[in-house]
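Reading through the structure tokens given below for one structure.
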Amino acid sequence: MSELLLKNAVIASPGGAKRVEAPAADVLISGGVVVALTASGEQLDSAAEVVDLDGRWLIPGLWDHHVHFTQWVIRRQRIDLTRTSSAAEVLELAREAVQKAPAGKTVVGFGFRDGLWPEPARLSDLDAVTGDHPVALIAGDLHCMWLNTAAQQLVGARTDDTGILREAESFAVMDRFGDPADLTPQDYQDAAQAAAARGTVGVVEFENADNASLWPKRVAQGVNQLRVEAAVWPDYLAQTVKSGLRTGDLLEESGLVRLGPLKVISDGSLNTRTAWCWEPYAGLDSTHPHACGGPTVPPQQVRELMRTAQGAGIAAAIHAIGDRANTEILTIFEELAMRGSIEHAQLLRWEDVERFARLGVTASVQPEHAMDDRDVAEAYWPGRTARNFPLRSLVEAGVTLRFGSDAPVAPLDPWMAIAAAVSRSRDGREPWHPEQRIAVGTALSASTGGPAEVRVGARADLAVLDRDPYRCTGDQLRNMPVAATLLGGRFTHYSL
């Protein structure tokens, strides 16, 4: 691998931001690793290819630590419902889409959130605007779907008079409305390239699929812009254990794909009021059968899956959103003396914040979800919202944070997570629980998966920025211009 010299870089750091003008540096890359970092202009004995960064800022490349990549690729091809705020708005978009769609082609939309709709979903209303054309509308949190009668007949599903399928019933048919087999390598390349253009160098893949087999094939087909940690779902755990693969093992020759952790969904989501909580949701008294949400996979079953993974050297990444779900999963980690992550860690009891730190369990969170869910949280979790994504409290307790998007729930763009964590604001609104804001450097570390500053000896996975991230407002972070991205010293995005 040839050498590359990045001249006139500014190494972004909190200290550098305090100076009027941080000194420029030259960064020598060899064998995919940063091997030298010197003051700009110092003589380096190298015949490297030279790229002049002209005073741009350099940081380690960013990771999205929670994606459903195939669902993200599919979302890019679906009707966008993310800006809707009522059933009426969704119905109008569905009506327009049906009018434009070829006969017989199922219309699929993504992104509605029904938690605060002024009117309920009704199957009769959806049927009235879509007729006998199959229409499947997927919620922004992926935990429910709104299907018209034609779509229900297509997949053999049946709903009540709302037309809504939730949780397991929805998961069972979701792939029928966007078959991954129909996607091409180019579709994956385009999505990976778009991620690289935002400074992304790696993802943790939580797609419910045989990720350990699929991703090496994709890399061989040219999807080589990202590193991938390929998670194992329960349906694939036995075959993974039998193969002898352990978390961190390489899965293909280029070194881009490694085996990730076991993924289990232990409860639902806040928007669907299925996250498992200690206290009832607002408007539901304790006699209601689902007043507090509930487990999706019972704790005892989660425990057995984690024990099996632990014995095989496979880490655990367990979805838990409700505060009771987080309590239960932390207890399992403690009983097994096992380390890993809780994915989402959204609604927490204060006493469990300390348990994350004491047990060494990583909080793998999606700060942009705090912006998506703030109004739903205030409506259904009133008086408790200070414990909704309490990032600063986690940091002060010594908990390791990792940031992700949960794409397609939020866009695969780490800068959105960084901006939300730093500002707790979006769209010009007042910060939501500003006491839980964290520093830029902390947010960058949660997104790089390690130190937020370029260092000698580190892998040359880098992002070149047109702004100093330590001098940016939340909106500026959200819209950070990325001039280039390097993966092991190879440019995956270049607009210098």
For the residue pair R429 and P431, establish whether any side-chain heavy-atom pair is separated by less than 4.5 Å.
no
Where is the tightest heavy-atom contact between S266 and I318, given as atom of each residue plus distance?
CB-CG2, 4.1 Å
Does S364 reach the main-chain N or O of I342 with its side chain, forming a donor-acceptor pair under 3.5 Å?
no
Validation row: V228, F69 side chains within 4.5 angstrom (heavy atoms):
no
Under 3.5 Å donor-acceptor, E378 side chain and T385 backbone
no
What are the two closest heavy atoms between L462 and I29, and how far apart are they?
CD1-CD1, 3.9 Å
A side-chain contact here means heavy atoms from C-beta on lying under 4.5 Å apart; do R273 and H290 qualify?
no
Are the side chain of T448 and the backbone N or O of P451 linked by a donor-acceptor pair below 3.5 Å?
yes
Quick check: closest heavy atoms across A196 and T485, and the distance to 0.1 Å?
O-OG1, 2.6 Å
How many angstroms lie between atom CD1 of I138 and atom OG of S170, to the nearest 0.5 angstrom?
7.0 Å
Interatomic spacing from OG1 in T247 to CG in L262 - rounded to 0.5 Å:
8.5 Å
Donor-acceptor pair, Q436 side chain versus R392 backbone, under 3.5 Å?
yes
With heavy-atom distances below 4.5 Å as the criterion, would you say the side chains of I314 and L237 are in contact?
yes
Check this for me, if you would: do E430 and R374 make a salt bridge, where the nitrogen-to-carboxylate-oxygen distance has to be below 4.0 angstrom?
no
For residues 398-423, which residue pairs qualify under salt bridge (Lys or Arg N to Asp or Glu O under 4.0 Å), counting only residues two or more places apart or in two chains?
R198-D413
Roughly how far apart are T442 OG1 and R437 CZ, rounded to 0.5 Å?
14.0 Å
Could you tell me whether the side chain of D323 and the main chain of R349 form a donor-acceptor pair under 3.5 Å?
no
Do H493 and V482 have side chains that get closer than 4.5 Å, going by heavy atoms?
yes
Anything under 30° is parallel, anything over 60° is perpendicular, the rest tilted; go ahead and classify W63 against H65.
parallel
Is a side-chain donor-acceptor pair under 3.5 Å present for Q71 with E207?
yes
Straight-line distance of L391 CG to R424 CZ, nearest 0.5 Å
5.5 Å
R355 and side chain to side chain contact (heavy atoms under 4.5 Å, CB included): which single residue from L348, T327, N326 fits?
T327
Between W57 and Y470, ring centroids under 6.0 Å:
no
Evaluate whether atom CZ of R246 has more than 12 neighbouring non-hydrogen atoms of other residues, nucleotides or ligands under 6.0 angstrom away.
no
Quick check: do L305 and T308 have side-chain heavy atoms less than 4.5 Å from each other?
no
Do S269 and N271 get their side chains close enough for a donor-acceptor pair, meaning under 3.5 Å?
no
Those residues that, when tested against F206, pass ring-ring contact (aromatic ring centres under 6.0 Å, His included) (two or more places apart)
H66
Examine distances only and state if a side-chain atom of Q193 and a backbone atom of Q189 form a donor-acceptor pair shorter than 3.5 Å.
no
Minimal non-hydrogen separation, L336 against R303, with atom names
CD1-O, 4.1 Å
Side chains of W278 and L347 in contact at under 4.5 Å (non-hydrogen atoms)
no
Tell me if the CZ atom of R339 is crowded by more than 12 foreign heavy atoms within 6.0 Å.
no
Using the ring of each side chain (for Trp, its six-membered ring), is W146 parallel, tilted or perpendicular to F112, with breaks at 30° and 60°?
perpendicular
Does D461 reach the main-chain N or O of L487 with its side chain, forming a donor-acceptor pair under 3.5 Å?
no
List the steps, then state whether side-chain contact (heavy atoms from CB on, under 4.5 Å) holds for L147 with L165.
CA-CA 8 Å; L147 307 179; L165 285 180; 3.6 Å; yes
Begin with the C-alpha distance, continue with both residues' side-chain angles, and end with the deciding distance and a verdict on side-chain hydrogen bond (donor to acceptor under 3.5 Å, both in side chains) for W276 and E328.
CA-CA 10 Å; W276 193 16; E328 297 284 347; over 6 Å; no
Is S495 reaching over with its side chain to a backbone N or O of A483, donor-acceptor style, under 3.5 angstrom?
yes
Heavy atoms, side chains only, cut-off 4.5 Å: are S405 and W72 in contact?
no
Inter-residue atom distance W233.CH2 - K263.NZ, 0.5 Å rounding:
4.5 Å
Salt-bridge present (D267, R324; N to O < 4.0 Å)
no
Using a distance-only test with no angle check, is there a side-chain donor-acceptor pair under 3.5 angstrom linking D372 and Q366?
no
Under 6.0 Å from the CD atom of E119, do we count more than 12 heavy atoms belonging to anything else shown?
yes
Backbone N or O of Q476 within a donor-acceptor pair of the R467 side chain at under 3.5 Å?
yes
Does R75 make a cation-pi contact with F110 (under 6.0 Å, within 45 degrees of the axis)?
no
Okay, side chain of E334, backbone of L359: is any donor-acceptor separation there less than 3.5 Å?
no
Would you say the ring centers of H143 and H344 fall short of 6.0 Å from each other?
no
Shortest non-hydrogen pair, C292 vs Y281, comes out as C-CE1, 3.8 Å
Report the C-alpha separation of Q310 and R307 in whole Å, then their side-chain angles, then the decisive distance to 0.1 Å, and conclude whether the side-chain hydrogen bond (donor to acceptor under 3.5 Å, both in side chains) test is met.
CA-CA 5 Å; Q310 182 183 37; R307 182 179 285 116; 6.0 Å; no
Interatomic distance, CG@L330 vs CG@D352, rounded to 0.5 Å, equals 5.5 Å
